Amino acid sequence: MKYITIITMLIICIGCQQQDSKNFKFAVSGEFKPFSYIDKKGSLNGFDVEVGRLISAKLGLEAKPIRYKFAGMIEGLKAGRFDAAVASHTITEERKKFVNFSSPYYYSGPHVFSRSDAKDISLKDLEIAVSKGSTYEKAAKKYTNNIKVYDSDITALEALSKGRHQVVITDLITGSMAIKNGLENIHANQSLGASAQGIAIAKENKKLQDQINTALKEMRSNGTLKQLSMKYFKRDITSKDNSK
Amino acid sequence: MNFLITFMDSAPLFLKGMGLTLLITCLSLLFATPLGLLVMAAGKSQNRLLKAFTRFYIYLVRGTPLIVQIFILYFGLTDIIKLEETIAASLALAFHNGAYLAEIFRGAIDSISKGQFEAAKSLGMSRLLTYRKIILPQAFKRALPSIGNQFIIALKDSSLAAFISMNELFNIATTLGANNFDQMTYLLIVSIYYLILVSFITLMTNLLEKRYFYVE
Amino acid sequence: MLNEIIKLEKVNKSFGVQKVLKDINLSFNAGEVTGIIGPSGSGKTTLIRCLNYLENFEGNYLFKNEETNRTGFNVDKFRIHFGMIFQHFNLFPHLNVRENICVAPIHVKGILKSEAREMAENLLTKVGLSNKADQYPNNLSGGQKQRVAIARSLAMQPEILLFDEPTSALDPEMSIEVLETIRELKDNDLTMIVVTHEMKFAEEVSDRVIFMDEGSIIETGSPKEIFNSPKTDRLIKFIKGRE
């Protein structure tokens, strides 16, 4: 009996971890180099992670990045598993139905990667691989029904480089970085438009949204956001005009 | 009500996924069953090298996760041979289940009494004939529940093919879940499809058990 | 007209360190019925299991004056000369009675199915089980099982029948029906070697009785000699203990 009581208490303790008000818990994918990845020391790192850390500092909270599958992030946010997702989400009307977004923290766009180096190939009816739950899947649907879905963009790119599928649609920077990091036989082919990436916050947490927006504004005006971009990409992707 | 509508709306996609799940499972079991028999036979042979090889194979399969085996076949071997993903997934599953089936067969054969071998021998039956006519049919009957079990495991394990982008049941569920921001609903729906498939295997096993019934 | 069919010379057999057969020299004549008696563990079962090579052993084994185990010796073919009846029947539980009888003739000898079926019916009539052809073994009584086993052996038309304690797993009533069946076989020209605990039966049915103890043959003789005037202390003690 005593044993059961102890077990029950334990379960309750674990189950009801108090929302720690001293932490800023934010989700990153960890599979989207260089925006988020696991570094050699085993900790989460990358542009998204550092943006999250800077915001934490501005909010006066301790940064707690956690790894979460991209495809489940919006739902994780709804369920209150973390405070925000700093995970390169493209701001879309569809996502806005479920979560709030901060003002954009960088600009990018879906980009086509292919094995062939012919310019501007037609995507019609090609086999396109994308990551699950991404806006790239939407983009691909305009051209084909033959879509292969992976859990991460990097895995999709690796499959492409190993001779599978015909093209991958992903972020230009992520794709270029993967090529730089050793994925062979693949090339950046064409841009499919521009997008603005935002930090996702739970609907009911209006206060946090405002705080994050203020923090982002400050980081823009004092140049820290730009610095971070220069560090990772050698150019400024944080303002709309420079994103091309 | 909403659930029903979602269920109906998603049915065409899920049915397609179910077809693929069935295809991978059937293909893999079609390879795995003879493979298991072969490995079991090799393990029973007098040849030491063959015996050591089967032990190593079973050791490898049991010692590594199936998802790792799938990824190795999908990514690792591309320099040697590029396996189409259906084949890669089926082969990985076959490779995996072959080892487990071999163990099931071996266990069943070891459970047949020595007297059966001796009776067959004393009637002048060769080793091969003894196995074919006397031992294997009895072993098959005893192994049936375990074989059915392994087939069910194979079916459910085929969901791991989602990780190499196969649009089988599980991948359809998680993709729809991600795109509609509603994993729960689609996971419940996909559970129904899996339950239907598993019920089918259970039914088949029960029928076979009835068909091969005799008092032991 | 006695005709030597089996000859064992200096046969030795051990399980690990335990010697179970010690320097056995023994021959059997065609058409003769031999009873082998002796206490448990005396090696009598092992001895007849050597005769159809269910056990390997050291020593010489001549069958119809020909060396067995020579190069090119085919043990599967050799075993066709023998039928064996086991203590625990060892019927094939997944086959019905008819199939139990037919399986070896069809697949070993290549006899036509229809022929084998007919033979099975005849044999079943002979052992008094003509109505059991479609039954599965485990629906039969012990005595019926053993009679099916006898029919199964006979279907291969062996020259020699080996009985390994055919009634010791049966209660007395069932033993009687099995012993009756064996007795009836005596009228054929079959060579029979019967390991048994049934002294009365051994005395009555055998042309010759062998008494074994501790892996050796202690006495051999006609049933009268063995049971009425035993020579060795061990046999006297054994027979007394039995009565």
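Quantities reported herein were computed from a predicted structural model and do not represent experimental measurements. Below, chain A is the first sequence line, B the second, and so on; all start at residue 1.
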**Student:** Could you name the residues of residues 86-97 of chain B that have a heavy atom within less than 4.5 Å of a heavy atom in chain A?
**Tutor:** none
**Student:** Give every residue pair that meets the salt bridge (charged side-chain N to carboxylate O under 4.0 Å, His left out) criterion with at least one member in residues 194-213 of chain B, sequence neighbours excluded.
**Tutor:** none
**Student:** Taking side chain as everything from C-beta outward and backbone as N, CA, C, O, which of these in B/Met166 sits under 4.5 Å from a heavy atom of chain A? Side chain, backbone, both or neither.
**Tutor:** neither
**Student:** Is A/Lys78 close to chain B through its backbone or its side chain, or both, or neither, when contacts mean heavy atoms under 4.5 Å?
**Tutor:** side chain
**Student:** Mind checking whether A/Phe35 and A/Phe32 have ring centres under 6.0 Å apart?
**Tutor:** yes
**Student:** Do A/Ser36 and A/Asp48 have side-chain N/O donor and acceptor atoms under 3.5 Å apart?
**Tutor:** no
**Student:** Verify whether one side chain among A/Asp171 and A/Ser108 offers a donor that lies under 3.5 Å from an acceptor in the other.
**Tutor:** yes
**Student:** Could I get the full list of salt bridge (charged side-chain N to carboxylate O under 4.0 Å, His left out) partners for A/Lys206, not counting sequence neighbours?
**Tutor:** none
**Student:** Can you tell me which portion of B/Asn179 sits under 4.5 Å from chain A's heavy atoms? Options are side chain, backbone, both or neither.
**Tutor:** both
**Student:** Within residues 6-30 of chain B, which residues come under 4.5 Å of chain A, heavy atom to heavy atom?
**Tutor:** none
**Student:** Quick check on the 6.0 Å ring-centre criterion: do B/Tyr59 and B/Tyr57 meet it?
**Tutor:** no
**Student:** With a 4.5 angstrom heavy-atom cut-off, could you sort out which part of A/Thr155 is near chain B: side chain, backbone, both or neither?
**Tutor:** both
**Student:** Report yes or no: do A/Thr135 and A/Glu137 form a side-chain donor-acceptor pair below 3.5 Å?
**Tutor:** no
**Student:** Among A/Lys69, A/Glu75, A/Lys148, which has the most heavy-atom pairs under 4.5 Å with chain B?
**Tutor:** A/Glu75
**Student:** For the rings on B/Phe140 and B/Tyr212, is their centre-to-centre separation under 6.0 Å?
**Tutor:** yes
**Student:** Can you confirm whether the side chains of B/Tyr186 and B/Thr175 place a donor and an acceptor under 3.5 Å from each other?
**Tutor:** no
**Student:** Can a donor-acceptor pair be found between the side chains of B/Thr202 and B/Ser199 at a distance below 3.5 Å?
**Tutor:** no
**Student:** Measure from the ring center of A/Tyr150 to the ring center of A/His165 and say whether it is less than 6.0 Å.
**Tutor:** yes
**Student:** With a sphere of 6.0 Å drawn around CZ of B/Phe3, does it hold more than 12 non-hydrogen atoms of other residues, nucleotides or ligands?
**Tutor:** yes
